[in-house]
Amino acid sequence: MATNSIFFNYSKEIANKYIQNILFVDDEIFSPHKTDNSLDCNTLINIFSKAKKLCALNQPRYQGDLENIIELAKKADITVLDWKIDIEQNSHESINEEEDEEEYDPRGVFTLKLIQKIMNEQPNCLKLIMVYTGETNLEAILDKIKKTLEHKGCNNFEKSTENTLSNSSIKIIVRGKPYLASTLKHNANLNKWIVTYECLPDFLLTEFTKMTEGLISNVVLNAITSIRSNSSKLLNIYNKSMDPAFLAHRALLPIMDDASELLKESISTSIRAIFDYEEIESMCNIEHINNWIDDKISEQKILNIGNNSINIGGNELKIWQKKGFEVMCQETSNKESHNQNQNISKTQIDKYIENSLVDNISYYFSPIQMEDIDELFSTLTHHKSNYMVPSYTPTLSLGSVIKEEKSKNYWLCIQQRCDCVRIRDDEERRFLFLPLKKVEKTKKFTFIGIENNLLIRLLLNDKTYNVRTIKFKSTLNGKVVSVMTNGKYTFTPVYSSNHSSYNSEIDGNFIWIMDIKDSHAQRIANNFAAKLARVGLDESEWLRRKREKK
């Protein structure tokens with residue numbers, strides 16, 4: 001990975017604006033006796049102050065401090081841990097069931113617990129963790145971390161470099177403190193693992209940038225930074241003096257709980273306005289795309305259209321991104337036709353786009369072969385449940401995808417959101433559903449779903465005669481809220497007594513699969529409503545064919 005390219009340095013600038021704070025956890029931060037394992041707090045604070053970063057220092061004393069540090073690590077952009085953290089044991093605290101107290105060694109015990117806790121508490125969050133130690137066995141420390149993670153079931157960590165472990169979201173680095181320089185001066189292999197205090201801010205920034213340097217991630221980092229920098233402005237605009245006006249608005253509504261929805265929508269619109277004025281989309285304009293191509297694409301690939309072949313390299317990809325596929329093909333074929341006598345017609349290009357290009361287009365922009373990349377990107381545009389927090393329990397509403405527990409059929413809820421709430425406790429309300437069918441990868445589909453962490457393709461059948469109504473009762477606050485059953489969120493339908501056999505043999509409960517975004521669900525509901533409103537009539541067949549002829 002080139003860390004001196006134009007694109008990387010640009011990504012580094014964005015990451016630098018994003019990173020605000022670094023948490024250091026060490027048992028010898030404020031120790032009066034300096035050792036090889038001590039952390040020079042004054043030097044660190046001064047150096048990170050010059051780098052415009054907050055430097056948080058935490059010196060744990062007891063096992064009970066673990067939970068407090070975890071909460072701090074959640075808020076920190078980067079976490080730096082010592083390897084040997086020697087803490088006192090309270091009388092009511094056990095060291096470890098697998099350890100003998102007489103042979104207790106503080107090396108790695110507390111640190112490994114912290115790493116595991118951080119991973120468990122925020123499993124899908126991007127995290128950079130650095131083990132910054134005065135111990136000399138640096139290679140052994142990295143191996144110990146890897147073996148411990150594998151023992152705990154985390155088998156997806158790989159050695160990305162000799163001193164780095166990483167998976168799709170977490171990066172763990174082992175580095176030596178400055179005091180080790182004299183100890184390891186004759187060991188060139190390990191001496192390069194040492195990071196001085198002066199180099200630490202840029203080192204951490206570079207390692208973080210390696211995790212985030214990308215067109216999309218740069219836009220996201222810039223968006224988060226924009227929200228952070230405008231948070232005080234938002235608080236000032238939506239201030240406490242507005243409370244009486246909000247309550248007056250609520251008091252005038254026929255359905256008072258709708259007031260909170262308006263407030264949520266207003267805040268969301270304000271955040272969108274921040275993005276518009278900050279122009280966060282400029283982070284992936286054509287200039288940055290060209291820099292990305294220069295940084296990522298080094299090999300040429302062959303594109304075959306009929307009997308013609310085009311060499312696709314960086315220059316061709318730039319033309320493709322700026323002028324489109326058709327112009328790229330024609331310009332490239334014209335350039336090469338002097339030697340190879342090849343010329344690609346517009347008809348050939350159109351046919352190739354229709355029959356082949358969509359299925360393999362990402363291949364030409366991928367530095368390495370990546371499976372399901374288009375499917376995963378589509379979930380970013382369609383799925384709402386990507387952002388679900390552990391405390392949230394799914395509610396049946398517009399866009400909910402559910403699955404029959406017994407027949408395994410999938411259904412999409414198209415009930416309008418306003419009709420999914422304010423259900424009386426004694427009321428049985430019918431919900432509208434359209435069927436979804438799980439199809440093979442080669443078949444036509446409507447959108448991608450995720451079930452049990454696996455991608456599935458779902459095809460919508462929106463014929464009006466396939467619509468289904470299912471009755472549910474309110475379970476909480478006038479809503480149909482799911483219940484956790486055998487590790488899955490489920491909804492229990494209501495059937496009349498003469499329908500009990502069908503319920504027990506075929507239907508059963510419904511398992512929540514995911515929620516698609518409101519706008520996409522609304523489009524499906526609108527298209528269905530349009531089909532309901534269509535007019536069927538007999539007319540002159542000659543006239544109909546003339547009217548519909550392209």
Side-chain angles (χ1 to χ4, degrees), residues 3 5-22 48-55 74-78 122 124-128 169 201-202 204-242 246 260-296 318 321-322 365 376-389 517-520:
T3 58
S5 67
I6 295 175
F7 184 78
F8 186 88
N9 288 328
Y10 166 73
S11 301
K12 195 172 178 179
E13 290 176 11
I14 295 175
N16 189 39
K17 293 177 182 178
Y18 166 81
I19 296 172
Q20 292 185 341
N21 52 74
I22 296 92
F48 278 97
S49 176
K50 291 178 182 178
K52 311 294 190 297
K53 306 293 180 228
L54 295 173
C55 181
K74 287 181 183 179
K75 300 173 183 178
D77 296 321
I78 299 172
Q122 297 180 307
N124 296 316
C125 295
L126 195 73
K127 286 290 180 184
L128 174 59
S169 58
D202 187 71
L204 291 173
L205 173 59
T206 300
E207 292 300 321
F208 186 87
T209 306
K210 290 177 182 178
M211 302 174 69
T212 61
E213 50 136 1
L215 292 167
I216 293 177
S217 50
N218 283 346
V219 173
V220 173
L221 281 179
N222 192 53
I224 297 171
T225 304
S226 298
I227 295 174
R228 283 178 170 180
S229 61
N230 285 279
S231 58
S232 296
K233 186 183 294 184
L234 277 172
L235 288 171
N236 187 47
I237 293 172
Y238 293 92
N239 60 74
K240 62 182 182 181
S241 67
M242 297 291 175
F246 168 74
S260 57
E261 289 294 323
L262 175 65
L263 187 59
K264 180 174 69 175
E265 182 65 26
S266 179
I267 295 171
S268 299
T269 304
S270 297
I271 293 175
R272 174 59 190 262
I274 291 172
F275 293 163
D276 289 340
Y277 291 129
E278 295 279 352
E279 298 182 327
I280 64 168
E281 72 280 1
S282 65
M283 301 296 107
C284 60
N285 62 23
I286 190 62
E287 177 186 353
H288 301 310
I289 289 172
N290 287 342
N291 290 334
W292 183 93
I293 291 173
D294 288 336
D295 189 40
K296 305 297 182 183
K318 290 178 182 179
Q321 283 292 316
K322 185 175 182 178
F365 296 95
L376 290 171
F377 182 74
S378 74
T379 65
L380 299 181
T381 64
H382 274 69
H383 287 209
K384 183 165 67 174
S385 44
N386 285 337
Y387 313 100
M388 193 173 80
V389 296
K517 290 183 178 180
D518 296 345
S519 55
H520 293 282

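Annotation for Ile227: atom CD1 counts as buried by contact number, over 12 foreign heavy atoms lying within 6.0 Å. Atom NZ of Lys322 has 12 or fewer neighbouring heavy atoms from other residues, nucleotides or ligands inside a 6.0 Å radius.
Between the side chain of Ser270 and the backbone N or O of Ser266 there is at least one donor-acceptor pair closer than 3.5 Å. Judged by distance alone, the side chain of Lys517 and the main-chain N or O of Leu380 form a donor-acceptor pair under 3.5 Å. For Lys17 (side chain) and Ser226 (main-chain N/O), no donor-acceptor pair under 3.5 Å exists by modelled atom type.
Note: Asn16 CG to Phe208 CZ = 11.0 Å, rounded to the nearest 0.5 Å. Here the OH-CZ distance, from Tyr277 to Arg272, works out to 11.5 Å after rounding to the nearest 0.5 Å. Rounding to the nearest 0.5 Å places CG of Asn230 at 10.0 Å from CD1 of Ile271. The structure places OG1 of Thr269 at 4.5 Å from CD of Glu265, a figure rounded to the nearest 0.5 Å. Interatomic distance, Ile224 CD1 to Ile14 CD1, rounded to the nearest 0.5 Å: 12.0 Å. Here the straight-line distance linking atom CD of Glu281 with atom CG of Asp276 works out to 7.0 Å at 0.5 Å rounding.
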Going through the checks in order, is the side-chain hydrogen bond (donor to acceptor under 3.5 Å, both in side chains) test met by Thr212 and Tyr18? CA-CA 11 Å; Thr212 61; Tyr18 166 81; over 6 Å; no

Would Asp294 and Ser5 count as a side-chain contact (heavy atoms from CB on, under 4.5 Å) if you check the C-alpha gap in whole Å, the side-chain angles of each, and the deciding distance to 0.1 Å? CA-CA 9 Å; Asp294 288 336; Ser5 67; over 6 Å; no

Under the criterion side-chain contact (heavy atoms from CB on, under 4.5 Å), I'd like the reasoning laid out for Ile267 against Tyr238: C-alpha separation, chi angles, the key distance, then a yes or no. CA-CA 8 Å; Ile267 295 171; Tyr238 293 92; 4.0 Å; yes

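Between Asn239 and Asn236, the shortest heavy-atom distance links the atoms ND2-O, 2.7 Å. Between Asp77 and Gln20, the shortest heavy-atom contact is OD2-N, 2.6 Å. The shortest non-hydrogen separation linking Phe8 to Thr3 is CD2-O, 3.3 Å. Smallest separation of non-hydrogen atoms from Phe365 and Trp292: O-CH2, 3.1 Å. Here the shortest heavy-atom pairing between Ala223 and Ile280 reads CB-CD1, 3.8 Å. Across Leu221 and Ala15, no two heavy atoms sit closer than the pair CD1-CA, 4.2 Å.
Taking the side chain as every heavy atom from C-beta outward, Leu215 and Phe7 approach each other to under 4.5 Å. Contact of the Val220 side chain with the Met283 side chain is not registered, since no non-hydrogen atoms from C-beta on lie closer than 4.5 Å. Within the 4.5 Å cutoff, the side chain of Val219 has no heavy atoms near those of the His288 side chain. Using a 4.5 Å heavy-atom cutoff, the side chains of Asp295 and Ile6 are not in contact. Side-chain contact between Leu204 and Ile19 is absent, with no heavy atoms from C-beta onward closer than 4.5 Å. Two residues are said to be in side-chain contact when any heavy atoms from C-beta on lie closer than 4.5 Å; Leu205 and Lys53 fail this criterion. No side-chain heavy atom of Ile78 sits less than 4.5 Å from a side-chain heavy atom of Glu207. Residues Asn291 and Tyr10 have side chains not in contact (no heavy-atom distance under 4.5 Å, counting atoms from C-beta outward).
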